[in-house]
Amino acid sequence: MQHKIESTESNTIIITYSDHQTGTCKAGLTAQQAIAQYDAKLAKRMVAARVAGQVVDVHTPLTENAQVIPVMPNEADGLEILRHSCAHLMAQAISQLFPGTRLAIGPVIDNGFYYDVDCGEQVIKEEDLPRIEKCMRKLVAKQIPIERQLISRRQALDLFRGKDEHYKVEIIDQIEDDAPLVLYQQGEFIDLCRGPHVPHTGHLRAFKLQRLSGAYWRGDSDKVMLQRVYGTAWADKGALQDYLDKLEQAKVRDHRGLAKKMDLFHLQGEAPGMVFWHPNGWKLYQLILQYMRRCIVDSGYEEVNTPQLVDVSLWKRSGHIDKFSENMFFVDQTNENRRYAIKPMNCPCHVQLFNQKLRSHRDLPLRLAEFGSCHRYEPSGTLHGLLRVRNFVQDDGHIFCTEEQIQQEVSDFLDLLQRIYKNFGFQKIIYRLSTRPEERIGLEESWDKAELALQTVLDNKGIAWELCEGEGAFYGPKIEFSLQDCLDRIWQCGTIQVDFCMAKRFDAYYIAKDGSKCPPVILHRAVLGTFERFIGILIEETAGLLPFWLAPVQVAVLTVSEKHHSYAEKLQEDLKKLDIRVKLDLRDHKIGYKIREHSVLRVPYLLIVGQKEVDTMQVSVRTQAGDHLGIMSIEGFLAHVKSCL
RNA sequence: GCUGGCGUAGCUCAGUUGGCAGAGCAGCUGAUUUGUAAUCAGUCGGUCGUAGGUUCGAAUCCUAUCGCCAGCUCCA
């Protein structure tokens with residue numbers, strides 16, 4: 001189907017190229033033809049055109065004077081089009097190989113694309129992916145033209161109903177706009193799509209299907225589950241290979257593998273989602289905890305500790321039983337005929353602490369902190385190493401304050417958080433504001449106030465943030481502070497949540513200036529989030545090469561032979577006295593063997609001790625990265641370490 | 001929880017069509033006394049995740065179950 005060519009007053013229009021040269025052409029010429037006048041090679045390789053700033057298909061006819069720039073496959077817009085077309089190509093191949101397949105959606109994602117399909121009884125297996133790829137390549141070789149068509153809503157509905165494509169029908173039904181719908185056709189394959197697309201399948205040269213998974217139709221777990229096929233696509237084979245190599249490299253940073261190598265922790269089936277910390281891992285954990293303890297004390301918090309098992313009556317009152325019980329563990333103590341909940345959060349207990357005294361406005365803000373062990377029953381399919389567990393400790397805290405104090409407290413918290421993340425070496429923090437969810441407690445006007453307060457602080461600090469509508473906690477909106485793992489998956493770590501509800505539920509109040517009783521606002525906040533997740537991310541961020549201050553073992557002393565043992569032992573004692581975490585390796589192995597082993601364990605510094613060092617009372621220093629720092633005195637080594645901190 | 005895949009020695013992994021459970025590393029023993037990412041030899045080690053079933057015979061086929069992996073839903 002051809003585009004309708006609008007008549008123009010003059011038959012000739014002026015086009016401007018990317019280098020600001022101008023030319024003329026007949027109205028109705030396509031963007032590609034216009035580019036071809038200027039550079040035929042470019043026109044052949046272009047995947048789309050930017051006409052007057054709008055990205056459109058190459059076949060789009062030009063109707064008025066405009067700048068016309070080719071969109072090439074290696075630029076961002078071009079790649080996106082390429083990937084989108086690749087999703088269609090894959091859907092075409094799947095439709096051929098799995099007759100009766102119904103298509104849902106096939107969008108572009110970071111680095112690639114996916115398509116959700118419903119093959120009825122047929123199951124796409126991992127081993128089918130090469131088959132689908134092969135079919136795709138055949139379609140590529142045919143250079144099938146990809147044609148755009150405009151179609152009325154009625155025609156579209158008839159078409160897709162006729163094909164029994166009920167997902168497409170549902171999508172069309174939900175498009176409110178009365179404008180004509182856009183179809184793209186390549187060979188026998190037709191899909192509803194906004195486009196633009198590459199002009200023919202021959203442009204899709206570098207792609208790979210990656211994995212399969214299930215995905216609910218419209219992301220709703222009550223709806224049918226579709227089969228999702230993921231793929232990646234690039235401008236050329238080199239870029240594709242670079243990306244695949246990068247993925248392999250990233251997997252080396254996976255904290256689960258590194259934890260094994262570094263002997264940090266393990267998980268086992270009898271305690272799903274709960275961590276067995278090994279000595280090295282627990283050292284790291286404690287170092288971070290002690291650091292956080294110093295930070296919060298310096299920031300005006302008081303540390304407390306509260307029970308892990310609390311009678312369900314308290315959780316009924318807090319609202320957790322209503323809104324959160326699916327995520328809670330319970331303990332039935334039958335000989336007492338009592339039911340306890342294992343705490344999923346510390347907040348209700350902190351309110352109990354607040355309530356133990358009559359509080360004055362002069363006591364506010366009251367900042368309570370707790371490194372309390374919490375348990376949450378997370379669905380089994382969501383558990384993921386340290387990044388998603390069922391038993392965790394947060395660097396949790398609750399600030400009891402007045403409404404007027406919210407902004408200052410949130411602002412101070414953000415400063416603290418940014419300082420701490422920087423100290424751990426994180427550059428990229430993702431800020432998200434999550435607003436009221438459907439399941440919630442509290443008054444609408446309280447939510448209005450709380451959401452506004454958080455947004456104001458973010459804006460005042462000039463922070464770029466995303467809005468996550470409906471994703472707040474049941475008791476209040478929150479700012480989430482997220483970090484990314486080795487595969488760029490986003491994990492929420494820190495958070496600050498405004499809560500106007502919890503205090504009222506527990507009749508918590510303070511005496512205001514005018515003598516009246518007022519419920520305090522409670523700010524729930526955590527900088528790291530959970531130690532578990534934070535450590536997982538930290539390991540991936542550093543690829544296990546922890547900064548010196550966090551290395552479980554900071555220095556290993558390795559002897560060349562038995563003759564050097566007593567000197568090495570003395571060295572160990574001296575370093576211990578200086579609070580350096582040191583390990584001595586006197587085993588009967590060659591020095592290369594010992595170096596390899598401690599390098600794998602990611603020990604930052606290896607001190608090699610042989611005859612030369614014994615004679616001169618020095619050490620030979622090697623870094624984990626394999627750099628030789630030469631032979632130096634202990635003092636010289638310590639000075640070097642200090643200079644690197 | 002859902003979909004798909006996987007589960008074999010401490011670790012990383014082979015194991016063909018159903019036919020005696022394997023390798024490398026680690027461990028242990030011995031030799032070796034070593035100079036910057038794996039010294040040599042010998043040796044130990046497994047109810048093949050668990051429970052049923054089919055079969056003359058199951059790591060292999062079937063069913064259930066637990067766990068893990070990827071994604072979905074959910075979430076720090």
Side-chain angles (χ1 to χ4, degrees), chain A residues 109 114 116 123-128 210-230 254 256-257 260-261 263 266-273 324 326-327 344-345 374 376-390 392-396 434 437 471 473 478 480-483 487 489 491-495 497 524 526 528-534 536-537 558-565 587-601 606-613 620-629 631:
Chain A
I109 51 174
Y114 67 77
D116 284 348
V123 177
I124 303 177
K125 296 254 168 88
E126 202 94 21
E127 58 259 34
D128 293 323
Q210 292 170 292
R211 57 177 177 267
L212 288 161
S213 77
Y216 297 109
W217 168 233
R218 296 196 166 262
D220 183 341
S221 57
D222 291 331
K223 293 205 161 83
V224 64
M225 181 159 276
L226 306 165
Q227 299 188 71
R228 177 172 295 179
V229 188
Y230 286 90
D254 188 311
R256 292 163 300 187
K260 242 174 211 167
K261 282 191 183 140
D263 196 14
H266 81 270
L267 295 157
Q268 64 183 59
E270 290 85 347
F324 204 70
E326 279 182 6
N327 289 288
M345 300 176 190
C374 293
R376 290 184 196 170
Y377 179 78
E378 301 290 349
S380 59
T382 65
L383 301 178
H384 184 95
L386 287 182
L387 301 185
R388 190 83 186 274
V389 292
R390 285 179 173 166
F392 53 80
V393 175
Q394 290 165 294
D395 63 317
D396 197 14
S434 295
E471 292 185 18
K478 60 182 177 180
E480 293 175 15
F481 308 93
S482 299
L483 299 172
L487 293 175
R489 291 171 294 207
W491 298 89
Q492 182 191 323
C493 292
T495 180
Q497 316 183 348
H524 306 244
L528 307 183
T530 70
F531 287 94
E532 286 76 8
R533 178 175 289 179
F534 190 80
I537 295 276
L558 315 180
T559 52
V560 171
S561 89
E562 221 172 332
K563 294 172 222 152
H564 318 118
H565 283 189
R587 292 174 308 167
D588 174 21
H589 280 298
K590 291 184 104 164
I591 195 68
Y593 182 92
K594 298 189 192 184
I595 287 167
R596 181 184 150 75
E597 189 166 291
H598 290 95
S599 297
V600 168
L601 278 166
L606 307 182
L607 303 187
I608 287 127
V609 171
Q611 199 53 47
K612 267 182 277 177
E613 290 75 18
S620 175
V621 182
R622 183 194 161 106
T623 67
Q624 197 281 337
D627 297 326
H628 298 254
L629 302 185
I631 297 180

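Sequence lines set the chain letters: A, B, ... in the order given, protein chains first and strands last, and positions in each chain run from 1.
- Atom C1' of nucleotide C72(B) and atom NZ of Lys223(A) are separated by 14 Å, given to the nearest angstrom.
- Between the CH2 atom of Trp217(A) and the CE atom of Met225(A) there is a distance of 14.0 Å, given to the nearest 0.5 Å.
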Output a table of nitrogen or oxygen pairs between the protein and nucleotides 28-31 of chain B separated by less than 3.5 Å.
none

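- At the heavy-atom level, Tyr230(A) lies under 4.0 Å from the strands shown only through sugar-phosphate atoms.
- With rounding to the nearest 0.5 angstrom, the NZ atom of Lys261(A) is 13.5 Å from the CG atom of Asp263(A).
- If you measure from atom NE2 of His564(A) to atom P of G35(B), you get 10 Å, rounded to the nearest angstrom.
- For G71(B), the base has no donor-acceptor partner in the side chain of Gln210(A) [N/O atoms by modelled type, under 3.5 angstrom].
- Atom-to-atom, CD of Glu597(A) to P of U36(B) comes out at 18 Å; the value is rounded to the nearest Å.
- Here Gln210(A) pairs with Thr232(A), Tyr243(A), Leu247(A) under the side chain to side chain contact (heavy atoms under 4.5 Å, CB included) rule; sequence neighbours left out.
- Closest to the side chain of Tyr216(A), out of C75(B), A70(B), C72(B), is C72(B).
- The side chain of Arg228(A) sits closest to C72(B) out of C72(B), G35(B), U39(B).
- Atom-to-atom distance recorded for Arg489(A):CZ and Leu387(A):CG is 7.5 Å, nearest 0.5 angstrom.
- Applying the side chain to side chain donor-acceptor pair (under 3.5 Å) test to Asp396(A) and every residue at least two apart in sequence or in another chain returns Asn346(A).
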Polar atom pairs between nucleotides 65-69 of chain B and protein, under 3.5 Å, N or O only, would you list them?
from   : atom 1 : to        : atom 2 : distance (Å)
C69(B) : OP1    : Arg256(A) : NH1    : 3.0
C69(B) : O3'    : Arg256(A) : NH1    : 3.4

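- Distance check on atom P: G22(B) versus C44(B) gives 12 Å, rounded to whole Å.
- In this structure, the nucleotide among C75(B), A37(B), U36(B) sitting nearest to the side chain of Glu378(A) is C75(B).
- The side chain of Arg533(A) sits closest to C75(B) out of A37(B), G35(B), C75(B).
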Under 3.5 Å between N/O atoms: give me all the protein pairs with nucleotides 3-11 of chain B, atom names plus distance.
from  : atom 1 : to        : atom 2 : distance (Å)
U3(B) : O2     : Gly214(A) : N      : 3.2

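- Among the nucleotides U33(B), G35(B), A37(B), the one closest to the side chain of Ser561(A) is U33(B).
- Taking every side-chain heavy atom of Glu613(A) into account, G35(B) is the closest of G35(B), A38(B), U36(B).
- Considering CZ of Phe481(A) and OG1 of Thr495(A), their distance stands at 7.0 Å, rounded to 0.5 Å.
- In terms of the side chain to side chain contact (heavy atoms under 4.5 Å, CB included) criterion, residue partners of Gln227(A) (sequence neighbours excluded) are, by chain and number, Val117(A), Cys119(A), Val123(A), Ile124(A).
- Of the candidates Thr559(A), Leu606(A), Ile608(A), Thr559(A) is the only one forming a side-chain contact (heavy atoms from CB on, under 4.5 Å) with Lys594(A).
- Considering only residues two or more places apart in sequence or on other chains, Tyr230(A) meets the side chain to side chain donor-acceptor pair (under 3.5 Å) condition with Arg228(A).
- With sequence neighbours excluded, the residues satisfying side chain to side chain contact (heavy atoms under 4.5 Å, CB included) with Glu471(A) are Ser434(A), Cys468(A).
- Toward the 5' end of RNA chain B, the nearer of the two residues Lys590(A) and Ala473(A), judged by each one's closest nucleotide, is Lys590(A).
- A straight line from CG of Asp220(A) to C1' of C72(B) spans 11 Å, rounded to a whole angstrom.
- Side chain to side chain, His564(A) and Gln611(A) meet the donor-acceptor criterion of an N or O pair below 3.5 Å.
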- request: Step by step, work out the salt bridge (charged side-chain N to carboxylate O under 4.0 Å, His left out) result for Arg376(A) and Glu326(A).
  value: CA-CA 9 Å; Arg376(A) 290 184 196 170; Glu326(A) 279 182 6; over 6 Å; no
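- With sequence neighbours excluded, the residues that form a side chain to side chain donor-acceptor pair (under 3.5 Å) with Gln268(A) are His266(A), Glu270(A).
- If you check every strand for non-hydrogen atoms under 4.0 Å, Ile591(A) touches sugar and phosphate atoms only.
- Summarising the geometry, the separation between CG on Asn327(A) and P on G1(B) is reported as 13 Å, rounded to the nearest angstrom.
- Remark: Tyr593(A) is in phosphate contact with A26(B), judged by side-chain N or O atoms under 4.0 Å from OP1 or OP2.
- Both key distances under 3.5 Å define a Watson-Crick or G-U pair, and stretches of 3 or more such consecutive pairs in RNA chain B run B:1-7 with B:66-72, B:10-13 with B:22-25, B:27-31 with B:39-43, B:49-53 with B:61-65.
- Considering all non-hydrogen atoms of both residues, Cys493(A) and Ile537(A) come closest at SG-CG1, 4.5 Å.
- Scored by the side chain to side chain contact (heavy atoms under 4.5 Å, CB included) test, Asp220(A) finds Asp222(A), Lys223(A) as partners (sequence neighbours excluded).
- Nucleotides U60(B) and G52(B) are separated by 14 Å at their P atoms, to the nearest Å.
- Between the side chain of Tyr377(A) and the base of G1(B), no donor-acceptor pair under 3.5 Å is found.
- Between the C1' atom of G1(B) and the CZ atom of Arg376(A) lies a distance of 18 Å, rounded to the nearest Å.
- Among A37(B), U33(B), A70(B), the nucleotide with an atom closest to any side-chain atom of Glu562(A) is U33(B).
- Across all strands, Gly610(A) comes closer than 4.0 Å to base atoms (heavy-atom distances).
- For Ser599(A), counting side-chain heavy atoms from C-beta on, the closest listed nucleotide (G35(B), U39(B), A37(B)) is A37(B).
- The nearest whole Å value for the distance from the CG atom in Asp222(A) to the C1' atom in C74(B) is 12 Å.
- Rounded to a whole Å, the CD1 atom of Ile109(A) is 15 Å from the P atom of A70(B).
- Residue-to-nucleotide proximity on RNA chain B shows that, of Leu387(A) and Ala625(A), the 5′-proximal contact is made by Ala625(A).
- Residues forming a ring pair (Phe, Tyr, Trp, His ring centres under 6.0 Å) with His524(A) (at least two apart in sequence, or on another chain): His398(A), Tyr475(A).
- In the set C74(B), A38(B), U33(B), C74(B) carries the atom at the smallest distance from any side-chain atom of Thr382(A).
- Note on Arg622(A): a side-chain N or O is less than 4.0 Å away from OP1 or OP2 of A37(B).
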